[in-house]
Amino acid sequence: MSSGPTTTTERYDPAAIEAKWQAVWDRERAFHAEPISRDGEAADVPARAEKAYVLEMLPYPSGEAHMGHVKNYTMGDVVAHHRRRSGAVVFHPMGYDAFGLPAENAAIRTGEPPGEVTRRNIARIREQLKRLGFSIDWDTEIATCEPDYYHWTQWLFLRFFERGLAERREAAVNWCPVDQTVLANEQVIDGHCERCGSPVELRQLAQWFLRITDYAERLLDDMELLEDWPERVLTMQRNWIGRSEGARVMFRTEDGEHAIPVFTTRPDTLFGATFFLLAPEHPLVERLVAGRPESAAVLDYVSAAAREGAAERGDTDHPKTGVFTGRYVVNPVNGEEIPVWVADYVLMDYGTGAIMAVPGHDERDLAFARAHGLPVLRVVAPEGVDAEAPIDEAEPGEGTLVNSGFIDGMPVDEAKRAVAAWLEERGQGEATVGYRLRDWLISRQRYWGCPIPVVHCENDCGIVAVPDDELPVLLPEVDDYAPRGRSPLAANEEWVRTTCPRCGGPGRRETDTMDTFVDSSWYFLRYTAPHLQAASWERPVVDYWLPVDQYIGGVEHAILHLLYARFFVKVLSDLGLVGFSEPFRRLFTQGMITAAGAKMSKSRGNVVAPDEIVDRLGADTLRLYVLFMGPAADDAEWSDRGVEGQRRFLDRVWRLVVGLGGPGMVERPTLDAVAGDPAAAALMRRTEATIAKVTEDIGRRFSFHTAISAIQELVNEATRGVGEGAYGGETGERAL
RNA sequence: GGGGGUGUGGCGGAACGGCAGACGCGGCGGUCUCAAACACCGCUGACCGCAAGGUCGUGUGGGUUCGAGUCCCACCACCCCCACCA
């Protein structure tokens, strides 16, 4: 705020200064950067100008901007200013992640359409962001709930659909009984709905999935391409993808009719498999027991498992229950018949939904064997342990193979390879890689989301894409937004009933909407063409700006949003729609601002409203304080006294500058000019050192609080010297 | 159970192998005021000392180094992520 003409007043008056400059920035569109794609204009892409795409995660417009937003956007703003002053062309856009449950729940409570609630909230947040003085390019503003935007969300969905990367299939999915919708695996925390906390149920439903598992390997490998991401986030993504090497092994039923594959990370222990387990949801269960005396007991067990909550069933302490099917499968390596049980600790959506149980070397299998009187066999013996030594507790299996036919005496690693090769030769299995990552379940039975643009043909065409030239499929008007176990869209019969785009016969529109994480998986691309009607974006422009040079947001998105966005960009890259395969070159994850030791929330009553602080102390004070609170990556506790301390600092800066003759009056002196004045020369050296430190702290270290400290030291020193010295000068705090 | 991270004054934290505690909050003292609050100026790790000064000090125990808050090993405590994942 220290540049340009301004009235020199005796007291620092942030309200007047800030309002004045915000008006100037607005009038001059001060932070607009080209190129941006526009209809009917060829994009003019600079050949070589240094660019910086600085991006903060877009806000969800649930009500007001909160302190977390202030911290997030202040950091981004500092980086943006810093890059501008280092000579880069800076792109710093803003938008709103505007579909989703909170607006819809408000609509259900008040009857007001979610679009109106959302647009009002957006206007409110925009006003707050402007008051905070962020250097945002307001020309690029987007909201994911507007048809202009979701037109292209639908268009992108159809590109996935054409490639078989979006598919509707039946699966056991997580159902939230309160929100009355299915949830992505990533939105279930400890068996509870991430949003409302109610226990999640497993339901067998036909749902839309994006095949993110096809990209599991690349999502892992391409982490190499990321320049600077927090190790923590990379680790979290690695764990989430959960790559494990192992083998797929075929077990045939004793009558030879069915071949049931299993996945195991320990093919070397195959000779120790003494029984075989199916998940209750396994599609073969019903057929295997049909017409058998065990049938009733098995089907009872299956339906009991279905009624069980995911949290309960997922609990490690859950007893190892199960029921015998009366059937057997043949172990391919030794021809032995082993009994088939159904057990709810086997998960349908990991591996193949069936496992070979090796109780000698797996804790869970051993617990099951003990509970049901099944045999336990040692097949791995550590050094000095006898092959016949009894198993007391499941052993991880370091050592050499015993009781294991052709692999006897081999060390574990060699045995793994030998078994995989043996199986492969005989067509009964092969070495393979398993992932923990599940496909991304994107359908939601809720109103306020992007409609999935397909038609269910009532003749024989199946699921048919809505043609591109009929997009967007507009979200229909409905009377009742409340979820009733099916999408509220289904209630608008007039909208649902349509014609099949392929055969012209009767058809019904898909009534599920998309997970809002789909919307936010590509918004950073749309900023390059925010108003373009003819396309989602243009290759030259998107390739100029992307990848994002610095992305900043909350660590709570370490898996969900950041994994989905990486997946999206890889698909778009494969489709030739973009020329890069990672969206975010550098990532910074910020810590939370807490109050009274807890996350700020209305229900706790510990919210500190940014507006109040701006009213009382000014936007610059607030911005300074949120950065000064501590390392930006850490959580930090709000302190009213602390923020006042930053105001005192700005008062001191003001007095210093006014004392020197006011802003614009101070020239940066040359070395010659201070040659005869040791105090001034010392202060000047100090100033240069401060500039170097601030540059380093902001540019490389993301250490804003130490940058501010350095400036405070300088100001303290200059204040002490102002009586006799002639130098105050530029301190670098313009970047703040 | 697996993985990642963090331990420094009354508090937030600084110190990227070289004077530990910068900067800020709080506290104490002073100036201003009839007075208080605000503001401003100064002091503020602990212990001993009237002082000059000294001793101790970065979770615990070892090690490497001329030199360790920082590097290595073990332990203790706390935080985060994942977790019946075969």
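A, B, ... follow the sequence lines: proteins, then strands. Residue 1 opens every chain.
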Could you work out which one of B:rC41, B:rC85, B:rC40 sits closest to the side chain of A:Leu347? B:rC85
For the side chain of A:Trp240, starting at C-beta, report the closest nucleotide among B:rA14, B:rG12, B:rA83. B:rA83
Could you tell me whether A:Asp439 and A:Arg169 have a side-chain N and a carboxylate O separated by less than 4.0 Å? yes
Taken to the nearest whole Å, CZ/A:Phe704 to P/B:rG12 is 22 Å
A:Met356 atom CE is separated from B:rA86 atom P, nearest whole Å, by 12 Å
When we call it a touch if two heavy atoms are under 4.0 Å apart, what does A:Arg243 touch: a base, just sugar-phosphate, or nothing? nothing
How do A:Ile189 and A:Asp635 order along RNA chain B: which one's closest nucleotide is nearer the 5' end? A:Asp635
Select base, sugar-phosphate, or nothing to describe what A:Val346 touches, counting heavy atoms under 4.0 Å on all strands. base
Roughly, in whole Å, what's the span from CD in A:Glu312 to C1' in B:rA83? 17 Å
Regarding B:rG9, purine or pyrimidine glycosidic angle vs 90° from 0 gives syn
Which part of the nucleic acid, if any, lies within reach of A:Arg701 when heavy atoms closer than 4.0 Å are counted: base, sugar-phosphate only, or nothing? base
Quick one: which of B:rC40, B:rC23, B:rC82 gets closest to the side chain of A:Gln712? B:rC23
Does the side chain of A:Arg238 get closer than 4.0 angstrom to OP1 or OP2 of B:rC82 through an N or O atom? no
For B:rG42, the Watson-Crick or wobble counterpart (both distances under 3.5 Å): B:rC28
I'd like to know if A:Lys693 pairs up with A:Glu696 as an ion pair, taking the criterion as any Lys NZ or Arg NE/NH1/NH2 lying under 4.0 Å from an Asp or Glu carboxylate oxygen. no
In Watson-Crick or G-U wobble terms, with both distances under 3.5 Å, the base opposite B:rU60 is B:rA74
In whole angstroms, how far is the P atom of B:rG4 from the CZ atom of A:Arg232? 14 Å
Between CG of A:Asn185 and P of B:rA83 the distance, given in whole Å, is 8 Å
Any side-chain N or O of A:His705 less than 4.0 Å from the OP1 or OP2 oxygen of B:rC23? no
Closest to the side chain of A:Pro631, out of B:rG13, B:rC82, B:rG3, is B:rG13
Classify the side chain of A:Arg641 versus the base of B:rC11 as yes if they form a donor-acceptor pair under 3.5 Å and no if they do not. no
B:rA14 and B:rG62, which share atom name C1', separated by this distance in whole Å: 28 Å
Between B:rG4, B:rA14, B:rC84, which one does the side chain of A:His318 approach most closely? B:rC84
Going by atom types only, do A:Arg652 and A:Asn716 share a side-chain donor-acceptor pair under 3.5 Å? yes
Does a side-chain N or O from A:Asn716 land closer than 4.0 Å to OP1 or OP2 of B:rA22, or not? no
Within the structure shown, what part of the strands sits under 4.0 Å from A:Glu696 by heavy-atom distance: base, sugar-phosphate, or nothing? base
If pairing means Watson-Crick or G-U wobble with both distances under 3.5 Å, then the partner of B:rG67 is none
Ring geometry between A:Phe517 and A:His557 (parallel below 30°, tilted from 30 to 60°, perpendicular above 60°): perpendicular
On RNA chain B, compare the nucleotides closest to A:Thr265 and A:Asp634; which residue's is nearer the 5' end? A:Asp634
Any carboxylate oxygen within less than 4.0 angstrom of a Lys/Arg side-chain nitrogen, looking at A:Lys599 and A:Glu556? no
Provide, to the nearest angstrom, the distance between the CD atom belonging to A:Glu637 and the C1' atom belonging to B:rG26. 14 Å
Picking from B:rC84, B:rC25, B:rA83, the nucleotide nearest the side-chain atoms of A:Arg364 would be B:rC84
Using a 4.0 Å heavy-atom cut-off, does A:Gly645 contact any base of the nucleic acid, only the sugar-phosphate backbone, or nothing at all? sugar-phosphate
Classify the side chain of A:Arg700 and the base of B:rC16 as holding, or not holding, a donor-acceptor pair under 3.5 Å. yes
Taking the side chain of A:Gln646 as its heavy atoms from C-beta onward, which of B:rC85, B:rC84, B:rG24 lies nearest to it? B:rG24
I need the CZ-C1' distance between A:Arg648 and B:rC38, as an integer number of Å. 10 Å
Less than 4.0 Å between a side-chain N and a carboxylate O, is that true for A:Arg616 and A:Glu644? yes
Rounded to whole Å, please give me the gap between CE in A:Met348 and C1' in B:rC84. 16 Å
Give a yes/no answer on whether the side chain of A:Ser244 brings an N or O atom under 4.0 Å of OP1 or OP2 in B:rA86. yes
Salt-bridged, A:Arg438 to A:Glu186, with N to O below 4.0 Å? no
Distance check: side-chain N/O of A:Arg652 vs OP1/OP2 of B:rG24, anything under 4.0 Å? yes
